[in-house]
Amino acid sequence: MEAPPIVSPTKTLPFRSASPSSSLLFRRKHRLNCCRRPSRSFTVRASSAAGDDSVVTLLDYGAGNVRSVRNAIRRLGFQVKDVQTPKDILNADRLIFPGVGAFAAAMDVLSKNGMAEALCEYIEKDQPFLGICLGLQLLFESSEEKGQVSGLGLIPGVVGRFDSSNGVRVPHIGWNALQIREDSLILDDVGTHHVYFVHSYRAMPSDDNKEWVSSTCNYGDNFIASVRRGNVHAVQFHPEKSGDVGLSILRRFLYPNSPLEKKPTEGKGSKLAKRVIACLDVRTNDKGDLVVTKGDQYDVREHTKENEVRELGKPVELAGQYYTDGADEVSFLNITGFRDFPLGDLPMLQVLRYASENVFVPLTVGGGIRDFTDATGRHYSSLEVASEYFRCGADKISIGSDAVYAAEEYLRTGVKSGKSSLEQISRVYGNQAVVVSIDPCRVYVKNQNDVKFKTIRVTNPGPNGEEYAWYQCTVSGGREGRPIGAYELAKAVEELGAGEILLNCIDCDGQGKGFDIDLVKLISDAVTIPVIASSGAGGVEHFSEVFMKTNASAALAAGIFHRKEVPIHSVKEHLLKEGIEVRI
Ligand code: 1PR
């Protein structure tokens with residue numbers, strides 16, 4: 001990790017000055033169209049500092065994980081100070097707006113609190129501004145996210161959904177390369193490196209907004225990856241989750257005059273990279289300490305007289321190590337969450353908080369996300385559980401058992417109740433924030449029609465020569481088989497709002513013999529959301545195999561990384577050698 005620059009921040013930031021433009025006139029014309037319905041779900045929090053060079057104003061309306069942005073700002077030597085009123089925006093020396101959640105909800109809250117007007121005025125004055133993700137989209141005229149909703153109207157254009165009929169998986173999740181169109185100042189050090197995107201909606205470049213566009217990204221189409229006009233910048237990707245390159249982008253915004261201390265090594269990015277994910281199965285050991293464990297086919301106990309939980313390290317340390325080693329994401333799975341209440345598991349929340357201080361790639365957390373009533377009778381909704389995970393630093397949450405019950409119910413009734421954890425969390429945080437973790441077991445059958453579930457012809461016949469198998473979903477950490485197949489589950493949870501599938505395989509877990517290619521192919525061909533292949537990685541060739549033979553977007557491993565048998569950089573070097581694009 002690079003240290004913050006030693007160059008002190010300048011008093012007057014020497015950004016390019018903006019001249020009144022057709023776009024600003026456009027904005028004045030459209031400004032009153034801003035959506036003004038009051039928000040029910042969010043309250044505005046903003047951070048501000050007037051005249052203090054070491055403080056960044058942060059506009060946070062409380063809809064998701066802004067913790068990583070705060071951590072990144074702090075890492076770069078700045079403080080974040082919360083303020084409450086639109087005036088704080090107008091008085092800011094530099095403003096970062098990390099938009100999260102849904103477009104309409106964000107516009108509601110910004111309009112209701114007078115923040116929309118203040119933002120427009122601040123930007124119109126060409127004050128230093130950096131919008132992130134939704135913070136870019138809101139600058140546009142409108143969005144089609146929930147019907148047609150007006151935005152701030154600063155930039156001509158409509159934000160629309162990626163079209164999965166183009167053959168791309170939606171959401172667009174992962175590390176993609178940029179085509180940088182002009183000197184965009186903050187992107188000067190990016191070159192061909194990948195940056196991290198996670199979104200389903202995007203703005204398209206056009207003649208009307210071409211003065212704004214500073215970079216595009218190709219995903220099916222060329223969409224707008226960043227805009228710049230004078231001191232006003234906005235990026236569709238997440239610099240705070242884009243590793244060293246992302247931190248250098250933030251540094252360029254915060255210290256526009258500073259020379260680059262350490263040039264990032266040259267990358268070779270041209271499109272969406274395949275991701276390599278490190279997974280930490282976490283639980284308390286018999287002494288009550290939270291440890292990283294790892295099972296064989298989900299059995300995490302040592303086969304000794306004491307039968308103790310297998311320990312492979314400390315969660316925060318290992319997460320930091322994997323970030324430094326080049327993991328594209330880190331996942332924590334609280335593997336006993338199905339029986340313990342996660343909000344009662346304060347060490348787990350603390351692990352997340354600490355990990356997010358040092359890990360600037362996406363963090364996923366799973367385990368125990370469901371409705372829960374504690375011993376005192378207090379009811380917690382799954383949304384509250386997820387919200388707490390997000391507040392503590394998670395970028396995505398992963399649902400296991402509860403998604404199985406939701407899919408069963410949906411397939412039985414044909415009705416989306418809207419009440420399942422999956423539906424509720426994806427409605428509030430967006431489907432890109434919701435992963436469904438599947439724990440299937442292979443069940444061999446003699447004939448294709450022996451079961452009502454989707455069967456496939458397996459590459460390696462079963463113990464009695466069976467040529468077919470189906471993959472039975474399980475709950476409670478593999479302890480209970482359910483009457484639903486992985487294929488049926490994957491399709492159902494996609495419809496219910498999952499943004500990604502973490503596809504484990506109990507048969508392969510911890511075996512080191514490679515991913516279950518039949519299973520990964522089955523599921524990654526069945527859905528249009530990204531699929532993470534998991535379970536069974538034993539060597540670098542298993543990663544190239546899964547990417548060459550299936551449509552998996554990412555591959556996850558645990559044991560080989562924990563036991564230091566295969567370093568993450570070796571996996572990436574191998575994939576590059578095989579012609580598979582990865583982030584380096
Ligand atoms: O059901 O919502 O509470 O979620 C529980 C979560 O915990 C699920 O995501 C489930 O997969 C996970 N889990 C439950 N029990 C276990 C266990 O191992 N006893 N771990 C468990 C699942 C599987 C992978 C593993 C890969 C790679 N671990 O995540 O890391 O198989 O391992 P490998 O590379 O060593 O082969 P809920």
Side-chain angles (χ1 to χ4, degrees), residues 276-284 291-301 309-310 312 315 318 322 327 329-343 345 348 364-372 382 385-386 389 396-407 420-422 425 434-441 473-480 482 486 489 493 498 500-516 519-520 532-540 542-543 546 554-566 568 571:
V276 176
I277 300 176
C279 182
L280 292 86
D281 290 355
V282 177
R283 62 160 290 164
T284 26
V291 296
V292 174
T293 187
K294 183 68 216 73
D296 281 328
Q297 301 182 325
Y298 285 31
D299 177 3
V300 299
R301 298 243 167 215
V309 171
R310 209 177 282 167
L312 288 144
L318 273 187
Y322 294 146
E329 281 180 43
V330 175
S331 294
F332 289 106
L333 295 177
N334 184 353
I335 68 169
T336 50
F338 70 91
R339 61 169 176 246
D340 305 325
F341 179 46
L343 296 191
D345 200 345
M348 185 66 207
T364 302
V365 179
I369 296 180
R370 66 187 193 287
D371 291 350
F372 188 86
S382 55
V385 179
Y389 273 154
K396 299 187 260 185
I397 55 90
S398 150
I399 309 175
S401 308
D402 216 43
V404 178
Y405 301 129
S420 66
S421 54
L422 172 51
I425 298 165
V434 182
V435 182
V436 165
S437 168
I438 312 184
D439 299 314
C441 241
C473 291
T474 65
V475 293
S476 307
R479 285 166 181 79
E480 181 191 339
R482 298 296 304 180
L489 181 92
V493 296
E500 195 169 26
I501 285 175
L502 164 55
L503 184 60
N504 304 296
C505 177
I506 295 182
D507 308 85
C508 298
D509 176 58
Q511 305 305 293
K513 294 180 185 154
F515 299 96
D516 188 323
L519 171 65
V520 180
I532 303 166
S534 166
S535 305
V540 294
H542 294 144
F543 290 84
V546 79
L556 171 151
I560 52 166
F561 296 151
H562 303 337
R563 294 186 300 267
K564 305 195 183 337
E565 289 163 8
V566 180
I568 292 170
V571 175

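Counting convention: from 1, in listed order, for ligands and their atoms alike. Residue numbers run from 1 in the order of the sequence given.
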Between the main-chain N or O of [Y] and the side-chain N or O of [X], is there a donor-acceptor pair closer than 3.5 Å?
{"X": "Ser437", "Y": "Gly400", "value": "no"}
{"X": "Gln297", "Y": "Asp507", "value": "yes"}
{"X": "His542", "Y": "Gly539", "value": "yes"}
{"X": "Thr474", "Y": "Asp439", "value": "yes"}

- Have Asp402 and Ser420 got a donor and an acceptor in their side chains that come within less than 3.5 Å? no
- Query: Do you see a donor-acceptor pair shorter than 3.5 Å between the side chains of Asn504 and Ser534?
  - Reply: yes
Give the atoms of ligand 1, by number and element, whose distance to some non-hydrogen atom of [X] is under 4.0 Å.
{"X": "Ala557", "value": "34 (O)"}
{"X": "Gly559", "value": "33 (P), 34 (O), 35 (O)"}
{"X": "Cys279", "value": "29 (O), 30 (O)"}
{"X": "Gly368", "value": "2 (O), 3 (O), 37 (P)"}
{"X": "Ser534", "value": "24 (C), 26 (C), 27 (C), 31 (O)"}

- Any idea which part of Ala558 is under 4.0 Å from ligand 1, heavy-atom wise: side chain, backbone, both or neither? both
- Message: Tell me the contacting part of Lys294 for ligand 1: side chain, backbone, both, or neither, using a 4.0 Å heavy-atom threshold, strictly below.
- Response: side chain
Write out the residue and atom name of the closest protein heavy atom to [atom], then the distance separating them to 0.1 Å.
{"atom": "atom 8 (C) of ligand 1", "result": "Ser437 OG, 3.6 Å"}
{"atom": "atom 29 (O) of ligand 1", "result": "Leu333 CD1, 3.2 Å"}
{"atom": "atom 25 (C) of ligand 1", "result": "Asp509 OD1, 3.7 Å"}
{"atom": "atom 20 (N) of ligand 1", "result": "Asp281 OD2, 3.3 Å"}
{"atom": "atom 1 (O) of ligand 1", "result": "Ser401 OG, 2.6 Å"}
{"atom": "atom 11 (O) of ligand 1", "result": "Asp439 OD1, 2.6 Å"}
{"atom": "atom 21 (C) of ligand 1", "result": "Ile335 CG2, 3.3 Å"}
{"atom": "atom 14 (C) of ligand 1", "result": "Gly477 CA, 3.4 Å"}

- Message: Looking at ligand 1, is there an atom of it that comes within less than 4.0 Å of some heavy atom belonging to Gly367?
- Response: yes
- Message: Would Gly536 count as a contact residue for ligand 1, given that I'm defining contact as a non-hydrogen atom of the residue lying under 4.0 Å from a ligand atom?
- Response: yes
Flag [X] as yes when one of its N or O atoms lies below 3.5 Å from any N or O atom of ligand 1, and as no otherwise.
{"X": "Asn334", "answer": "no"}
{"X": "Leu502", "answer": "no"}
{"X": "Asp402", "answer": "no"}

- Mind checking whether Ile399 and Ile425 have side chains closer than 4.5 Å, heavy atoms only? yes
- Please work out which of the three classes, parallel, tilted or perpendicular, describes the rings of Phe515 and Phe543, given edges at 30° and 60°. perpendicular
